[in-house]
Amino acid sequence: MCTALSFQVDNNHYFGRNLDLELSYGQQVVITPQNFSFKFREVANLDHHFALIGVASVVDNYPLYFDAANDHGLAMGGLNYPDNAYYADSVSGKDNVASFELIPWILGKCATVDEAKKLLANINITNQQFSQQLPPSPLHWLISDHSDSIVVESDRDGVHVYDNPVGVLTNNPSFPKQLFNLNNYRTISAATLPNQFSAQVSLEDYSRGLGTRNLPGGMDSESRFVRAAFNKYNATWDQHDEVANITELFHVMHSVEQQSGLDQVATNPAKFEYTIYTVGYNLDKGLLYYTTYTNNQINLVNMNKVNLQGNSLTAYPFVNDQAINNVN
């Protein structure tokens, strides 16, 4: 399971994401320069493209991105979409792109959400696997730029591209159902509301925060969708302070993180899904910030400090050891 969101603060646009799984795939921060050759199964290769920074597993010198942003400020993340995601066989006359190729294909070619929409108009997301050991993962995708967001879902009845007015995505059910479900929480408020129960019944404000009394708190994807959207829109963002905004972004993302031991996904032996990493991008500056489950310190990778005109991947392993500041 996962949570992703995007938002704009003044002239800075941010994209955040939690990766929730029960096992790690050796993820690391990977920068793909403009002249790295992306080999695709059916569509034309990309020998020159926009540069990418993101979190990926590198297999046979190929970056399998979980999420990424390009040097024009377009970001994209794949989130678990089990039982709904459907990838088809190749279709003549379509752009046949395997699911694991979709992030580099979109981010390598598109600078904006509008350009991504045009490119996706002829898409057929195929069921080709990267290898026998790495079959296709059932995913849907959030794509965001400086002002807009869309969701891409490949279902049995075809590929759907939805405008995303709230800039939030989790997992099942399909995005239109998640968006409609927000109507059930329209009375949630950061303020304590006046008594609406009855003018004839005296009721006390016995605690701060009663306006959020019915905000869902579960690990399930519907609860996280509502909570992430509410927290994003009610967070205090600073128009001019990058550190303050990144700090607030990680507070929002951590408000929907999964603690190990709360979401059991297997027995004998017991396995629990947990938030392996949280990542936040400043899309205007090419900055990637991250924390991991075992290291709460915010770490920063700047894509502009490497040669973006090169042809070789640059990878930075996650810093997983907890960083504790010894005050005395």
Side-chain angles (χ1 to χ4, degrees), residues 2-20 27-29 31 53-55 66-69 73 75-77 79 142 144-147 149 166-170 188-191 208-209 211-212 215 217 219 223-260 274-305 316-328:
C2 302
T3 305
L5 56 82
S6 67
F7 59 93
Q8 185 174 355
V9 181
D10 195 27
N11 292 321
N12 289 294
H13 182 257
Y14 299 94
F15 185 91
R17 186 264 174 79
N18 289 345
L19 180 79
D20 307 329
Q27 301 90 347
Q28 52 190 331
V29 178
I31 299 174
I53 183 171
V55 180
F66 296 84
D67 47 79
M76 184 173 179
L79 287 76
L142 178 66
S144 299
D145 63 15
H146 300 85
S147 56
S149 291
V166 296
V168 174
L169 187 64
T170 54
I188 298 293
S189 173
R208 292 182 177 183
T212 62
L215 186 67
M219 297 293 101
S223 295
R224 285 184 286 106
F225 189 99
V226 175
R227 202 158 69 251
F230 179 84
N231 292 352
K232 163 192 163 179
Y233 281 109
N234 288 279
T236 302
W237 305 105
D238 191 297
Q239 297 298 314
H240 307 292
D241 192 327
E242 172 75 2
V243 173
N245 286 328
I246 287 298
T247 301
E248 196 74 5
L249 168 60
F250 276 86
H251 279 301
V252 172
M253 297 308 304
H254 289 163
S255 74
V256 290
E257 73 177 357
Q258 301 216 39
Q259 175 188 326
S260 180
Y274 64 99
T275 299
I276 293 177
Y277 71 81
T278 299
V279 66
Y281 298 84
N282 183 316
L283 301 182
D284 302 276
K285 298 177 180 178
L287 304 178
L288 182 154
Y289 302 85
Y290 74 86
T291 62
T292 71
Y293 191 80
T294 54
N295 181 11
N296 304 101
Q297 182 184 54
I298 298 175
N299 303 274
L300 169 62
V301 180
N302 186 340
M303 73 184 303
N304 301 297
K305 291 188 175 182
Y316 300 93
F318 275 160
V319 180
N320 287 307
D321 292 336
Q322 183 66 276
I324 296 178
N325 181 32
N326 294 294
V327 175
N328 60 10

Could you pull out the closest heavy-atom pair between [X] and [Y], with the gap in Å?
X: Ala229; Y: Val168; result: CA-CG2, 4.0 Å
X: Ile31; Y: Ile53; result: CG1-CG1, 3.8 Å
X: Ile188; Y: Phe230; result: CG2-CE1, 3.3 Å
X: Tyr290; Y: Pro317; result: OH-O, 3.9 Å
X: Ser149; Y: Gly167; result: OG-CA, 3.9 Å
X: Tyr293; Y: Ser260; result: OH-N, 2.9 Å

Matching residue for Thr275 among Thr3, Thr292, Thr291, Asp20 - test: side-chain hydrogen bond (donor to acceptor under 3.5 Å, both in side chains):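 Among the candidates, only Asp20 passes.
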
Side-chain heavy atoms of Phe7 within contact of Asn245, under 4.5 Å: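 Phe7 does not reach Asn245 side chain to side chain.
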
Rounded to the nearest 0.5 Å, how far apart are [atom1] of [X] and [atom2] of [Y]?
X: Phe318; Y: Gln28; atom1: CZ; atom2: CD; value: 8.5 Å
X: Lys305; Y: Leu300; atom1: NZ; atom2: CG; value: 7.0 Å
X: His251; Y: Thr278; atom1: NE2; atom2: OG1; value: 12.5 Å
X: Asn302; Y: Lys285; atom1: CG; atom2: NZ; value: 10.5 Å
X: Tyr274; Y: Leu19; atom1: OH; atom2: CG; value: 9.5 Å
X: Leu283; Y: Asp145; atom1: CG; atom2: CG; value: 8.5 Å

Geometric class of the Phe250/Tyr289 ring pair [parallel <30°, tilted 30-60°, perpendicular >60°]: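 Tyr289 and Phe250: perpendicular rings.
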
Plane angle bin for Phe66 and Tyr277 - parallel if under 30°, tilted between 30 and 60°, otherwise perpendicular: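 Aromatic pair Tyr277/Phe66 classed perpendicular.
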
Trace of the side-chain contact (heavy atoms from CB on, under 4.5 Å) decision for Phe225 with Val166: CA-CA 10 Å; Phe225 189 99; Val166 296; 4.0 Å; yes

Between the side chain of [X] and the main-chain N/O of [Y], is any donor-acceptor distance below 3.5 Å?
X: Gln297; Y: Gln322; value: no
X: Lys232; Y: Met253; value: no
X: Thr247; Y: Val243; value: yes

Salt bridge (charged side-chain N to carboxylate O under 4.0 Å, His left out) contacts in which one or both residues fall within residues 6-18, not counting sequence neighbours: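 Pairs touching residues 6-18 that pass the test: Arg17-Asp67.
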
Sole residue of Leu249, Leu169, Asn18 in side chain to side chain contact (heavy atoms under 4.5 Å, CB included) with Leu5: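 Exactly one option meets the side chain to side chain contact (heavy atoms under 4.5 Å, CB included) with Leu5, and it is Leu249.
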
Evaluation steps, side-chain contact (heavy atoms from CB on, under 4.5 Å), between Arg227 and Leu215: CA-CA 7 Å; Arg227 202 158 69 251; Leu215 186 67; 4.1 Å; yes

Residues Leu287, Glu242; criterion side-chain contact (heavy atoms from CB on, under 4.5 Å); working and verdict: CA-CA 11 Å; Leu287 304 178; Glu242 172 75 2; 4.0 Å; yes

Distance-only polar pair, side chains of Asp284 and His146, donor-acceptor under 3.5 Å: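 Indeed, the side chains of Asp284 and His146 share at least one donor-acceptor pair under 3.5 Å.
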
